[in-house]
Peer 1: 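Starting off with a structure, shown below.
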Amino acid sequence: MTTTAKNLASGRGWQVSDVICTAVAGDRLFEEEHRSFCVAAVTRGTFRYRTNQGTAMLAPGAILLGNPGACYECGHEHGAGDRCLSFHFTPAYLERIVADVPGAKRLGFAGPRLPPLPALASLLAQAEAARETGDGEAFEELGLRIAGAAVAATTGSPGIAPTPSRRDQKRVAEAVRLIELNAEQPLSLTEIADSAATSPYHFLRTFRHVAGMTPYQFLLRTRLHRAAVRLRASEEAISAIAFDAGFNDLSTFNRRFKREMGETPGTYRACRSSAKSSGSAAGRSL
């Protein structure tokens, strides 16, 4: 086998894999079949992709598109190997996304690929960073956003969401309270959307519009804020604070804390200790 696929994350109706191909020019081509809708971001290498939707040369930044039941071949006449972040969606899951993209009506991709698009550059960078850092929790939102952007691009829709209704704003407010009450627990976007009685894609766009960030970003910031308060207010072990806040491992907590707060948890706590010591010395001098 010249291709390996590592499952990075999955949920109800979706799954994402890190797919690495080591094929070279001259290797025999094998016909394969898409078992679900595929939206795969090429992150390294080039290859020729042939399916009944057409034939295209794919390079980093491009998006491979596949429909369930469609047969395809990938060839490497012009370079060895490639790597992709491959998102897969069931028809029912993608149908809900299509229903929520303004102007989109067709379920299925007419073409074999999307070229590198400025509108997708930031999303693809976030997805690749999530792969490199092992941030599996981020992929549900990223997959939804990438699929929605792909549907909008292939149908010519601008993908602009309408202004949230009062009902949608109420849903977001209730979701915020749900996240605040359960921030230390595993919370998927689908679970939160179900509690709001709406589709995950519609809920994601509405939440971003109303709150100015995604549900996952809000969840992370809530966890980090609570951890920061405990770091300043207690002498508990940093690992205990991290796990209680909802992080699965200390290295992930340290990395995200530094990214958000600008310093490591240890340095953040040390600043509190220094300030406390300085205050005590000033009091004694008076």
Side-chain angles (χ1 to χ4, degrees), residues 1-22 30-45 47 49 51 53 58 60 62-74 82-101 104 107-109 112-114 120 123-154 186-194 198-205 214-216 219 248 252:
M1 291 291 292
T2 59
T3 302
T4 60
K6 177 184 178 183
N7 181 51
L8 299 177
S10 62
R12 195 171 68 205
W14 68 276
Q15 184 258 337
V16 57
S17 299
D18 181 19
V19 181
I20 299 176
C21 178
T22 58
F30 291 93
E31 186 175 77
E32 301 178 78
E33 181 181 326
H34 290 297
R35 297 183 179 181
S36 56
F37 284 105
C38 179
V39 180
V42 182
T43 62
R44 189 182 70 204
F47 60 96
Y49 172 58
T51 181
Q53 300 148 252
L58 297 175
I63 302 291
L64 178 153
L65 302 173
N67 296 317
C71 294
Y72 67 95
E73 289 180 343
C74 294
D82 64 84
R83 189 175 187 183
C84 297
L85 269 170
S86 187
F87 291 88
H88 297 270
F89 308 97
T90 64
Y93 193 89
L94 192 71
E95 186 173 16
R96 299 181 77 185
I97 296 176
V98 170
D100 286 323
V101 174
L107 180 63
F109 301 115
R113 62 116 197 195
L114 287 174
L120 283 170
L123 274 178
L124 299 186
Q126 292 177 56
E128 193 165 353
R131 180 187 68 191
E132 297 306 310
T133 59
D135 189 1
E137 291 182 292
F139 280 117
E140 183 177 18
E141 286 188 1
L142 290 169
L144 270 175
R145 294 173 66 189
I146 290 171
V151 169
T154 56
L187 281 175
S188 73
L189 177 63
T190 299
E191 290 172 329
I192 303 173
D194 284 348
T198 186
S199 75
Y201 185 69
H202 176 77
F203 176 75
L204 172 60
R205 293 197 308 166
T214 70
Y216 180 57
L219 173 62
N248 294 325
T252 298

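One-based numbering along the sequence shown.
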Peer 1: Is there a donor-acceptor pair closer than 3.5 Å between any side-chain N or O of D18 and the backbone N or O of K6?
Peer 2: no

Peer 1: Are any of the side-chain heavy atoms of F47 and C84 separated by less than 4.5 Å?
Peer 2: yes

Peer 1: Please find the pair of heavy atoms, one from Y201 and one from G148, that lie closest to each other, and give the distance.
Peer 2: OH-CA, 3.5 Å

Peer 1: Report the residues that fulfil side-chain contact (heavy atoms from CB on, under 4.5 Å) with E95, sequence neighbours left out, ordered by chain and then residue number.
Peer 2: L107

Peer 1: Between P91 and P68, is any pair of side-chain heavy atoms under 4.5 Å apart?
Peer 2: yes

Peer 1: Let me confirm one number: the OG1-CZ distance from T154 to R113, rounded to the nearest 0.5 Å.
Peer 2: 13.0 Å

Peer 1: Identify the two heavy atoms, one from E141 and one from Y216, that lie closest to each other, and give their separation to 0.1 Å.
Peer 2: OE2-N, 2.5 Å

Peer 1: Locate the shortest heavy-atom distance separating A62 from L58; write the atom from each residue and the value.
Peer 2: CB-CD2, 4.0 Å

Peer 1: Using the side-chain contact (heavy atoms from CB on, under 4.5 Å) rule, take T198 and D100 through it: C-alpha gap first, then chi angles, then the decisive distance, then the call.
Peer 2: CA-CA 10 Å; T198 186; D100 286 323; 5.9 Å; no

Peer 1: Under a 4.5 Å cut-off applied to non-hydrogen side-chain atoms, are I20 and R44 in contact?
Peer 2: yes

Peer 1: Could you walk me through whether F109 and F37 pass the side-chain contact (heavy atoms from CB on, under 4.5 Å) check?
Peer 2: CA-CA 9 Å; F109 301 115; F37 284 105; 4.1 Å; yes

Peer 1: Let me confirm one number: the CG-OG1 distance from L65 to T51, rounded to the nearest 0.5 Å.
Peer 2: 10.0 Å

Peer 1: Go through the steps for F203 and T190 under the test side-chain contact (heavy atoms from CB on, under 4.5 Å), then give the verdict.
Peer 2: CA-CA 9 Å; F203 176 75; T190 299; over 6 Å; no

Peer 1: Can you list the residues that meet the side chain to side chain donor-acceptor pair (under 3.5 Å) rule with Q15, with sequence neighbours excluded?
Peer 2: N7, S17

Peer 1: I'd like to check the side chain to side chain donor-acceptor pair (under 3.5 Å) partners of E33; sequence neighbours left out, ordered by chain and number.
Peer 2: none

Peer 1: Taking all non-hydrogen atoms of both residues, which atom of P60 and which atom of G45 are closest, and how far apart?
Peer 2: CD-O, 3.1 Å

Peer 1: State the CG-CD distance between L189 and E140, to the nearest 0.5 angstrom.
Peer 2: 4.5 Å

Peer 1: Can you see which heavy atom on A127 is nearest to which on I146, and at what distance?
Peer 2: CB-CD1, 4.2 Å

Peer 1: With a 4.5 Å limit on heavy-atom distance, are the side chains of T252 and E137 in contact?
Peer 2: no

Peer 1: Which distance, rounded to the nearest 0.5 Å, do you find between the CZ of R131 and the CZ of F139?
Peer 2: 8.0 Å

Peer 1: Start with the C-alpha distance between S36 and T90, add both sets of side-chain angles, then the distance that settles side-chain contact (heavy atoms from CB on, under 4.5 Å), and finish with yes or no.
Peer 2: CA-CA 5 Å; S36 56; T90 64; 5.6 Å; no

Peer 1: Look up atom CZ in F87 and atom CG in L94, then write down how far apart they are to the nearest 0.5 Å.
Peer 2: 13.5 Å

Peer 1: Once you round to the nearest 0.5 Å, how far does SG of C38 lie from CD1 of I63?
Peer 2: 9.5 Å

Peer 1: Heavy-atom distance under 4.5 Å between the side chains of V39 and V151, does that happen here?
Peer 2: no

Peer 1: So H34 and Y72, would you call those rings parallel, tilted or perpendicular, with 30° and 60° as cut-offs?
Peer 2: parallel

Peer 1: Testing the basics here: between P186 and E191, what is the closest heavy-atom pair and its distance to 0.1 Å?
Peer 2: O-OE1, 3.8 Å

